Amino acid sequence: MSPFPRPDYEPLRRYHFDRTPVALDVSDNTNQWGAHPAALEVARRADDNALARYPDLYADDLRAAAAAHLGVPEACIATGCGSDDILDCAYRACAGGPDDFVAAAVPTFPMGLQLARMNGMGARSVPWADALADPRRLLEGGPVLVYVCRPNNPTGHLAPAEWVDALLEAAGEDGPLVILDEAYIDFGGDSFATRAVGRTRTLVSRTMSKAFGLAGLRVGYAAGAPETILEVEKARGPYKVSRMACAAAAVALADAEGWVARTVSDCVACRERAHAALSERGLDPLPSLANFILFRAPSGDARADALGIRSHGVAVRPFVGEYPDGTDALRVTMAPWPLMERFLDALDTFRGNPGRGPNQALPG
Ligand SMILES: *Cc1c(COP(=O)(O)O)cnc(C)c1O
């Protein structure tokens, strides 16, 4: 019998979302302020070599820029094609066989558990409420890897630093690899990057896809102890990040205090206004430290609501049963305020009170 297709791949599906063009797409948490201008300039100035020659084996310039950005040694940085790739490599470095499993607090980023199955491991989810009450719940049964998204997607909450400390303490120095996914840390929260490099089983992953506006380039990186990074890079392989992506991401990282800081602060201001506007509409938005807000699906049916709002030109992401009380929710990505007004208009029109202009709902 041929082992192809893999029996354990039977339940897997391709990632799928409706990506047909729409006037405003605030469904995927990419940067609605655009791309980092210095990175865009690198892409515009690309020469022959940028495309014709191989990049560095392990993206040395990008490693250096990421190390400087985090204030850690270069040997403590791994890079990849987006943080999905970093996570994939870390999972592969841990995967020993079908008895191994990954534990994650849910709801969370779907790749956190999907990548376990893709790498031949089991997946165990622990409800966030249980995990927050006692981080040891994530260690039950002896996972080889624990995935924690902080701030969490899609809820936007930040597990407290003391909670992470307790988790790392309980996991121990020779326990599971604990991955802290900091995809949204630029929008709020305290990073564990410097602490991760001083521990043997902690990895912090970062992405250039959100605050830096480079989702199309596919660049991510991770911080950890040199011996942990080495294992991740063994699983990664050479020549992974393209020349242009390395160069563009490196200049963007070097300018984190400029464009990124300015657009993040505008994003945070929009988040406060959007939170107030959604509260006023009775939709119980969750407090968020990220660049998105999760709120109740108005009719209780997230898929129907997302389709309805889409029919008015705005795409948001439906989450079936993922509001903290188990009901349906919608997630909207923050955008410059005129675009948020466009979203609120579509939401109001869909809900059948088109007379209520978004400006009336705004505080200040
Ligand atoms: C968007 C996102 C990422 C980014 O993945 P890339 O592969 O770097 O684009 C990683 N983790 C979480 C939780 C995300 O929401």
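The first residue of the sequence shown is numbered 1, and numbering continues consecutively from there. Just so it is clear, the model here is predicted, and its values are computed rather than measured.
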Side-chain donor-acceptor distances from residues 170-182 under 3.5 Å, at least two apart:
unit_1: Glu173; atom_1: OE1; unit_2: Thr200; atom_2: N; d: 3.4
unit_1: Glu173; atom_1: OE1; unit_2: Thr200; atom_2: OG1; d: 3.0
unit_1: Glu173; atom_1: OE2; unit_2: Arg199; atom_2: NH2; d: 3.3
unit_1: Asp181; atom_1: OD1; unit_2: Ala183; atom_2: N; d: 3.0
unit_1: Asp181; atom_1: OD2; unit_2: Tyr147; atom_2: OH; d: 2.7
unit_1: Glu182; atom_1: OE1; unit_2: Ser191; atom_2: OG; d: 2.7
unit_1: Glu182; atom_1: OE1; unit_2: Arg206; atom_2: NE; d: 3.0
unit_1: Glu182; atom_1: OE1; unit_2: Arg206; atom_2: NH2; d: 3.3
unit_1: Glu182; atom_1: OE2; unit_2: Ser191; atom_2: OG; d: 3.4
unit_1: Glu182; atom_1: OE2; unit_2: Phe192; atom_2: N; d: 2.7

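- Counting heavy atoms from C-beta on, the side chains of Val72 and Thr194 come closer than 4.5 Å.
- Aromatic ring centres of Phe292 and Tyr184: separated by under 6.0 Å.
- Of the N and O atoms on the side chains of Ser299 and Arg351, not one donor lies less than 3.5 Å from an acceptor on the other residue.
- Around atom CZ of Arg6, more than 12 heavy atoms belonging to other residues, nucleotides or ligands sit under 6.0 Å away.
- Considering only heavy atoms from C-beta on, Trp128 stays 4.5 Å or farther from Val106 through its side chain.
- Inter-residue side-chain proximity for Thr327 and Glu322 is flagged as unmet; no heavy-atom pair is nearer than 4.5 Å.
- Side chains of Asn29 and Arg317: a donor-acceptor N/O pair is absent below 3.5 angstrom, by distance only.
- One hydrophobic cluster, built from ILVMFWY side chains closer than 4.5 Å, cannot hold both Ile293 and Leu286; they sit in different ones.
- A salt bridge does not link Arg243 to Asp56: none of the charged side-chain nitrogens sits closer than 4.0 Å to a carboxylate oxygen.
- One finds no salt bridge joining Arg262 and Asp266 here, because no Lys/Arg side-chain nitrogen approaches an Asp/Glu carboxylate oxygen to under 4.0 Å.
- The backbone N or O of Leu24 sits nowhere less than 3.5 Å from a side-chain atom of Arg342 that would complete a donor-acceptor pair.
- A salt bridge links Arg296 with Asp325: at least one charged nitrogen is closer than 4.0 Å to a carboxylate oxygen.
- A salt bridge links Glu140 to Arg124: at least one charged side-chain nitrogen sits closer than 4.0 Å to a carboxylate oxygen.
- The line from CD1 of Ile229 to CZ of Arg63 is 7.5 Å long, rounded to the nearest 0.5 Å.
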